[in-house]
Amino acid sequence: MSTASWLGELNPQQRAAVEFGDGALLIIAGAGTGKTKTLACRVAHLIERGVAPDGILLLTFTRRAAAEMLHRAGQLIDPQLAAQVWGGTFHAIANRLLRTYGRAVGLSPDFTVMDQSDAADVMNLVRSELGLASRERRFPRKETLIAIYSRTVNAQEPLTDVLATRFPAYQRDAADIANVFDAYTRRKTAQQVLDYDDLLLFWEMLCQETDAGRRAADRFAHVLVDEYQDTNAVQARILRALRARVGNICVVGDDAQSIYSFRAAEVRNILDFPNEFPGTQIVTLEQNYRSTQPILAASNAVMEQARQRYTKILWSQRASRQLPQLAHCTDEAGQSAEICRRVLANRERGVALRQQAVLFRASHHSAHLEIELTRRNIPFHKYGGLKFVEAAHVKDLLALLRVLENPHDEISWFRVLLMLDGVGPRTARRIMDDLGVRSTSPGADVAGGDSREPPGSVAPVVAAPESAAPASEASRSPLATLASAPPAVPSAAIDAFAALRGALLDCLAIERAGDPPETDGDRRRSAPTLAVQVERLRRYLEPIFRLRYDNSIIRLRDLEQLERIASGYSSRSRLISDLTLDPPNSTSELAGAPWIDDDYLILSTIHSAKGCEWTAVHVIHASDGNIPSDMALSDDEGLEEERRLFYVALTRAKDQLCVYFPLRYYYHRFGMSDRHTYAQLSRFLTAPVRALFEEVTLPVVEQPLDESAAEAPQALRTRLSSLWRTPPT
DNA sequence: CATTTATAAATTTTT
DNA sequence: TTTATAAATG
């Protein structure tokens, strides 16, 4: 496509943003105003102007967003060129840069990245080692500790302030919490393991304090940042450091769509941007191309009640006589039934399932609907909520891969060893010591607060002795020790441990002491490909899973899927970090692989729906307590963010929008009962807002007693009797 | 020291 | 319902 033709498709504001030259540019882009298109065109335009593609850095909120923008840029110019652009999330880019330049800040290139639940496990470990687990007064649980820690570092706010404002219940524990954090950071550095926050912190340090980092920063002639309203203090500092010498920066965002303050995002970042970068040019995009006028009117009405005025008012030329609908249902069952009905009706009319989405505040809100969809054989794909890699069995395999990649990763070793029957925490600890997993000098880490170090020493420690020649490293590696001098294990665990040892060493093609000598001379066996390694590890896990999980078949299928994913990779470290930083978000339990490129309905949390759009959007559970969520109502700011969240949900719709309100909620959270409460309509649906909706009241649905229910007793009898009638095979 | 059993507690959003 | 901890048992 020629330059002139695609520039001609932009409106004057978009075009100004695309053609802006050097310096700082702030684009305030309302929902549906062609933000993605503008960024993609700007990237294409920069390249066409002669900027080297690998001198462009595009920071986005998800990998999906980066991929989409670069794909679009590629269509305008040359896909090969667009592919050279550095695109990804802050975390993914940090990971990539630190693999190359990490040594400057004390990181060995094979550091591993752990996700939030791994981090919580580490917290738990240090917590119990410090003897804080069992006391009269309740000490924060591991998830809470991570939340406190993450808020402290991401907001760059003193611990005491964080506790005072967000976790008042634990204010008295400040000193102990500080000890836990000390031990936590020390532990991570010793093992060359980074959590999500570390990726940002190390990146910041890299470009602020090292020559290598400064050179890397200056290589980027242009930096572009998407969803700037959802960046936090550390990310803002990274940008400042990145642009200390080369000042070309372009950020895009919408203060009305800031929905990540729980991750310490600061709307202030976008509002203060012109002060941070003097001479900033501001462009505002206000024409919405996505939604029909009535949908936009309803969305705007929700925002009009916000305390804070926002910087723009959206308008649309897409006229329509169809108002958004507010559907009153008797209960959840009515809601699910109606959605199924409408979704299928839409499909009859030619709207594909993937053009329709159901949005909700919390992941579990879709539980009932999921069951209903499954029952009716309507395929769907769920975004948000429990991720594939968070499932215990996937973590098991990932831990094995991590051990291979970073043999000093104690947490992964721990997980791997505890899988063995007859091995508990104590034995695991001893085995790890025998293997030399702990790379720090003896006595370096201690339980108890006495050996506390001065605050300055928390920061990244020296690179481990790994910088020596690889050969000598190998001889000292725990895996080499595992091959040459396997530690003794309790008799109950001998076989299981041997199996583990065999699996790990096979993956590295290390010969075991006591193996028959290799036949092909003294040439070393070559290391198997990654897919083969994963397959080997899966075979190792198979018998363990059969004993441990009752639904082991489903779980094993997940591992096969992992194997398929792995076959697309050549580097193990790449696979591990991609799985941690950009996890596939479905398990095969429901969204089976068979219809991966088939048509399916989208189910998504509102957070995960950010940046997406669909022809028809269904927003469910619009009751007070769900939207806004009860959990967020402790302060006014929380309420305001819930309002923006609701706004984000509504503005995802192109042609059709329906908001559902089930009146009755049953208490079957923990067990079944007929008791129920009556819900209140979401407080965001005030009279003036409702005036812009068409209200429909749905008839009571006769809850269809599941046909299979009648057959259930017989099925149960058959299954039971098979236990004693069928001979074991 | 590992494992089983009893008892109590919690319950959003995501890189 | 699940998930974590404490006490009892092997």
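These numbers come from a predicted model, not from an experiment. Order of the sequence lines sets the chain letters (A, B, ...), proteins ahead of strands, with each chain counted from 1.
Here A/K142 lies in heavy-atom contact (under 4.0 Å) with sugar-phosphate atoms only. Using a 4.0 Å heavy-atom criterion, one finds that A/Q116 contacts the bases of the nucleic acid, with or without backbone contacts as well. Contact annotation for A/F61: backbone-only contact, meaning every heavy-atom pair under 4.0 Å involves sugar-phosphate atoms and none involves a base.
Regarding contacts with the backbone of B/dT15, every side-chain N or O of A/T62 stays at 4.0 angstrom or more from both OP1 and OP2. Side-chain N/O atoms of A/T427 include one lying less than 4.0 angstrom from OP1 or OP2 on B/dA2. Between A/S608 and B/dT14 there is a side-chain N or O to OP1 or OP2 distance below 4.0 Å. Listed pair A/R426 / B/dC1 meets the phosphate criterion, a side-chain N or O lying under 4.0 Å from OP1 or OP2.
When the side chain to side chain donor-acceptor pair (under 3.5 Å) test is applied to A/Y184, the partners found at least two apart in sequence or on another chain are A/D195. Here A/R151 pairs with nothing under the salt bridge (charged side-chain N to carboxylate O under 4.0 Å, His left out) rule; sequence neighbours left out. Scored by the salt bridge (charged side-chain N to carboxylate O under 4.0 Å, His left out) test, A/E405 finds A/R572 as partners (sequence neighbours excluded). Every residue two or more places apart in sequence or in another chain that forms a side chain to side chain donor-acceptor pair (under 3.5 Å) with A/R307 is listed here: A/E637. Residues satisfying the salt bridge (charged side-chain N to carboxylate O under 4.0 Å, His left out) criterion with A/D495, sequence neighbours excluded, are absent altogether. Residues passing the ring pair (Phe, Tyr, Trp, His ring centres under 6.0 Å) test with A/H607 are A/Y260, A/F262, sequence neighbours excluded. Remark: A/D433 engages A/R438 in a salt bridge (charged side-chain N to carboxylate O under 4.0 Å, His left out) (not counting sequence neighbours).
Of the candidate nucleotides B/dT12, B/dT15, B/dT14, B/dT15 has the atom lying nearest to any side-chain atom of A/H91.
In this structure, A/N154 places its CG atom 16 Å from P of B/dT14, rounding to the nearest Å. Note: CD1 (A/I259) to C1' (B/dT15) measures 14 Å, nearest angstrom. Whole-Å rounding puts the A/D115 CG to B/dT13 C1' distance at 16 Å. To the nearest angstrom, P of C/dT2 lies 14 Å from NE2 of A/H364. Taking atom CZ of A/F167 as the reference point, atom C1' of B/dA10 lies 15 Å away to the nearest angstrom. Going from atom CG of A/L417 over to atom P of B/dA2 covers 11 Å, rounded to whole Å. In this structure, A/I431 places its CD1 atom 13 Å from P of B/dC1, rounding to the nearest Å. Computed from coordinates, the A/I238 CD1 to B/dT15 C1' distance equals 12 Å when rounded to whole Å.
With the 3.5 Å cutoff on both pairing distances, Watson-Crick and G-U pairs in DNA chain B assemble into runs of at least 3 at B:1-10 with C:1-10.
Between A/R99 and A/D110 there is no salt bridge, since no side-chain N of the basic residue sits under 4.0 Å from a carboxylate O of the acidic one.
Put simply, the side chain of A/Q156 gets close to the backbone of A/V153: a donor and an acceptor are under 3.5 Å apart.
For the pair A/R96 and A/W86, the cation sits on the ring face: its NZ or CZ lies under 6.0 Å from the ring centre, inside 45° of the axis.
The stacking criteria are not both satisfied for A/F262 over the base of B/dT12, which would need a centre-to-centre distance under 5.5 angstrom and an angle between ring planes under 30 degrees.
Residue whose closest nucleotide on DNA chain B sits further toward the 5' end, between A/M631 and A/P490: A/P490.
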Which atom pairs link the protein and nucleotides 3-7 of chain B when you take only N or O atoms and keep those under 3.5 Å?
residue: B/dT3; atom: OP1; partner: A/G422; partner atom: N; Å: 2.7

